[in-house]
Amino acid sequence: MMNTRSGRRHRAGLAITTSLAALLMLSGAALAQQQAPMLDEMVASGELPPLEERLPANPLVVEPVESVGVYGGTWRSALRGGLDNAWIGRTVAYDGLVRYDREWKEIIPNLAESWEVSEDARTYTFKLREGLKWNNGTPFTSADIEFAVQLMKEPGYGVGTFIKNPNNPVNVEVVDETTFSFVFEHPNGIIMDELASINGLTVVSLSKDYCGQFYPGTNPNAAEEAKAAGFETWELHMANRCSWATETIRWANPDLPFMNAWMIEQPLTGDASRATFVRNPYYWKVDTEGNQLPYIDRLDMRVSDSLEELTLMALNGEIDFQDRHIATVANQPLFFDGQEAGDYRLGANIPSSMNTMTIQFNMNHVDPTRRELFSNKDFRIGISHLLDRQEIIDVVFTGDGEPFQAAPRPESPFYDEEMAKQYTEFDPEAAAAAFEAAGLGEKNGDGFYTMPDGSPLQITIDTIAAFRTEWTDMMELIQLQLEAGGIDVELNNIDRTLYYDKRPLGDYDAQIWQGDGGLDVIQEPRYYMASGDESVWAYRWAQWFNGSRPEIAEEPADWAKQQMDLLNQIRQEGDPAKRDELMKQILQLAKENFPVIGVSLPGNGYFIAKNNMRNIAEPMLHAYLFPTPAPYDPFQWYFAAE
């Protein structure tokens, strides 16, 4: 069996392929290797070893998007407050065992130069590049992978990831310093996509040499040393020094070793005015002429709670590349008109999301009367028919988009026009008929429907205006539209922490969010089935499915259990074609039962880039699991001479 495998976009595939990156890496050892000038003095003084001793035996050779670049410069961007770590994850952190290519079609080598998969899809054996080093110069080996898995298996430490999956436990078998295997109890057909996404970074982010000092499994004195350092438990000490799950802490510790192109220079702390990063002298990628990457010397991220300040920075030409936070619908005309003055350009982002907003009625409401109403498909159909989606598109998005339900995007192989368009017509008469079928009571003196027993019906929809500025305008229109159709609505604008805290309690009517899963359909099925904590419409069903929070878990409806059985089959299926067929069955059940209401298909987004910043691909696919812009290799971006 060949040992280079890839995943086809949106299909979590394992088809055998030879990627461009794999072909290029074969010639890496023969290239004349060069380093950034800023490292020359450090090498001359003996502070750093020569480049050939810092690179692995076969560095990954990266084809530049446009041209071989030049060294130097500082990439300026911005963070919205001291907790805005996602931008760092999207620019600095994306270097796992494997990765997606720039088209999101294949899984290609990265830290692992190759891998093999057993016929039963239970054993995945990886071969690391020989001579990899953390940014502090210590070797990166199979022992680091083994340590990360051992640590994340601890009951009191870590969250999420395939390591914590109780339904399919995994062990690590170390063969030698560069070879190891993940061995699963059951077949795992989707692990390569997990490892290629941003969720797969945990296993390559915990240096045994450094983080092992805080763990009793490798340091018998760890608990005692934690107390001496002011922490009640070793887990708290570990989280403070090495946490991957707690992103804010991760970027606050300059001593934590990294395998990324840039390493922490000025840490991100709660009161920081900026976070800065400097090139990693041990970075293990080179361009096609043997120049060690990255080209850019430093990253400087200004920290501000003010969206207006970030927008003004961009307009003034003080941001070199960014989309997060500033690339809003409202800002687009400003940025378009300001291109010449700010010496920047706008580029296109193609979103993976399938909806500008999803409305999720709580089918697991703790109030049995509301639970019964929100679980009634006819009620949700009625709500959907009261939405004048074209008005929302015209007013909020200046006509950009089209009415759309929670369904895969047109570009997806799972696209189903009937699913995407059902119940999207603005039709008050159809809504009234649906409400009658749902058993709503007569309208009261104010013209609002009552509950089936005649009691008042007011629906509270939780929103987070601070997350997406356009959501405020959307929800104000939706409130007017629903009230015109007889549904009394109260908008409850709350902060994000409370938004999440309400979910386990079950005492909420509805919440909104963006429509994830438009392209990454199998990987992100939250609106098609009750798959996880983001399936707010059936949060307690999701707990039942995942075996978590047993104190609130509830047995799902039969159709939802069918979906869960199908997803379990997908997770164990090694054949991508069979996985696709199983996913289509999940989507068919979603279409028939209509659990989540969508508003409109998003139009393209945009990014801002300085005119002299080169090697930036356009357009870019934009997603969380495909953490844009990281898959487009910012380490090969550079500043051209003016």
Side-chain angles (χ1 to χ4, degrees), residues 7 12 85-86 88-100 107 110-112 115 124 126 128 132 134-135 140-174 180-184 188 190-215 217-218 234-253 255-261 263-264 523-524 532-533 546 548 571 623-627 630-631:
N85 49 67
I88 302 176
R90 288 177 175 270
T91 53
V92 175
Y94 184 60
D95 264 317
L97 288 172
V98 295
R99 54 168 294 153
Y100 289 118
I107 293 173
N110 206 49
L111 285 164
W115 58 94
Y124 291 74
F126 294 86
L128 298 173
L132 288 166
W134 296 92
N135 68 288
F140 176 90
T141 70
S142 300
D144 294 300
I145 307 296
E146 182 182 38
F147 170 78
V149 173
Q150 181 182 5
L151 174 62
M152 296 301 291
K153 278 189 168 186
E154 289 287 344
Y157 191 81
V159 295
T161 81
F162 69 94
I163 302 169
K164 286 284 191 184
N165 183 359
N167 298 318
N168 196 2
V170 62
N171 289 313
V172 176
E173 294 181 358
V174 172
F180 67 91
S181 299
F182 290 135
V183 182
F184 293 89
N188 190 329
I190 61 174
I191 184 59
M192 293 306 298
D193 274 279
E194 174 121 12
L195 292 173
S197 79
I198 198 168
N199 292 336
L201 302 180
T202 304
V203 295
V204 298
S205 302
L206 298 164
S207 161
K208 181 178 181 180
D209 179 69
Y210 177 79
C211 298
Q213 63 186 304
F214 310 112
Y215 177 47
T218 48
W234 71 263
E235 288 94 342
L236 292 173
H237 197 196
M238 175 71 78
N240 181 267
R241 297 285 81 196
C242 288
S243 179
W244 173 258
T246 310
E247 287 278 351
T248 306
I249 292 175
R250 173 172 170 76
W251 306 115
N253 179 13
D255 296 328
L256 181 62
F258 286 85
M259 295 300 293
N260 308 119
M263 57 190 186
I264 298 171
Q523 300 96 322
E524 188 55 273
D533 285 1
N546 291 313
S548 53
R571 289 172 172 172
Y624 168 72
L625 295 177
F626 182 75

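Just the heavy atoms: all of them, side chains too, but no hydrogens, waters or symmetry mates, feed the values below. Keep in mind that this is a model prediction, so the values were computed, not measured.
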Task: Side-chain donor-acceptor pair present, Y100, D193, cut-off under 3.5 Å - done: yes

Task: With sequence neighbours excluded, residues passing salt bridge (charged side-chain N to carboxylate O under 4.0 Å, His left out) with D209 - done: none

- [ ] Verify side-chain contact (heavy atoms from CB on, under 4.5 Å) between T218 and K208, making sure each step is shown before the conclusion.
- [x] CA-CA 9 Å; T218 48; K208 181 178 181 180; 4.0 Å; yes

Task: Min side-chain heavy-atom separation F182-I145 under 4.5 Å - done: yes

Open item on the list: Would you say that N260 contacts Y94 through its side chain, given a criterion of any heavy-atom pair below 4.5 Å between the two side chains?
Closed with: no

Open item on the list: Assess the residue pair Y157 and M238 against the criterion (side-chain contact (heavy atoms from CB on, under 4.5 Å)); give the C-alpha distance rounded to whole Å, side-chain angles, the decisive distance to 0.1 Å, and a yes or no.
Closed with: CA-CA 9 Å; Y157 191 81; M238 175 71 78; 3.4 Å; yes

TODO: Would you check if L256 and C211 make a side-chain contact, meaning some heavy-atom pair closer than 4.5 Å?
DONE: yes

- [ ] Could you label the plane-to-plane angle of the F184 and Y124 rings as parallel, tilted or perpendicular, counting under 30° as parallel and over 60° as perpendicular?
- [x] perpendicular

- [ ] Look only at the side chain of R99 and the backbone of I107, and say whether a donor-acceptor pair between them is shorter than 3.5 Å.
- [x] no

TODO: Could you tell me how the ring of Y215 sits relative to the ring of F147: parallel (under 30°), tilted (30 to 60°) or perpendicular (over 60°)?
DONE: perpendicular

Task: Sub-4.5 Å side-chain heavy-atom contact between F140 and N135 - done: no

Task: Euclidean distance, L151 CG relative to E146 CD, rounded to 0.5 Å - done: 12.5 Å

TODO: Compare every heavy atom of L195 with every heavy atom of F162, then report the nearest pair and how far apart it is.
DONE: CE2-CD2, 3.7 Å

Task: CG-CG distance between N546 and N165, expressed to the nearest 0.5 angstrom - done: 8.0 Å

- [ ] Report yes or no: do E524 and Y624 form a side-chain donor-acceptor pair below 3.5 Å?
- [x] no

Task: Any side-chain heavy-atom pair of F626 and S197 under 4.5 Å - done: no

Task: side chain to side chain contact (heavy atoms under 4.5 Å, CB included) against A148, all qualifying residues, sequence neighbours excluded - done: L206

Task: Between N199 and E194: side-chain donor-acceptor atoms closer than 3.5 Å - done: no

Open item on the list: Under the rule for side-chain hydrogen bond (donor to acceptor under 3.5 Å, both in side chains), what residues qualify as partners of D95, not counting sequence neighbours?
Closed with: N110, Y283, K285

- [ ] Using modelled atom types only, decide if a donor and an acceptor are shared between the side chain of N253 and the backbone of R241 within a distance under 3.5 Å.
- [x] yes

TODO: Not counting sequence neighbours, which residues clear side-chain hydrogen bond (donor to acceptor under 3.5 Å, both in side chains) with Q213? List them please.
DONE: none

Task: Spacing of CE belonging to M152 relative to OG1 belonging to T202, to within rounding of 0.5 Å - done: 5.0 Å

TODO: Answer whether the closest heavy-atom distance between the side chains of F214 and N240 falls below 4.5 Å.
DONE: no

- [ ] Decide yes or no for L111 and M259: does some side-chain heavy atom of the first lie under 4.5 Å from some side-chain heavy atom of the second?
- [x] yes

- [ ] Only counting residues at least two apart or in another chain, list the ones meeting salt bridge (charged side-chain N to carboxylate O under 4.0 Å, His left out) with R571.
- [x] none

Open item on the list: Is there a side-chain contact between L97 and L128 in this structure, where contact means two heavy atoms from C-beta onward sitting under 4.5 Å apart?
Closed with: yes

Open item on the list: Run the side-chain hydrogen bond (donor to acceptor under 3.5 Å, both in side chains) test against D144 and tell me which residues pass, sequence neighbours left out.
Closed with: W134

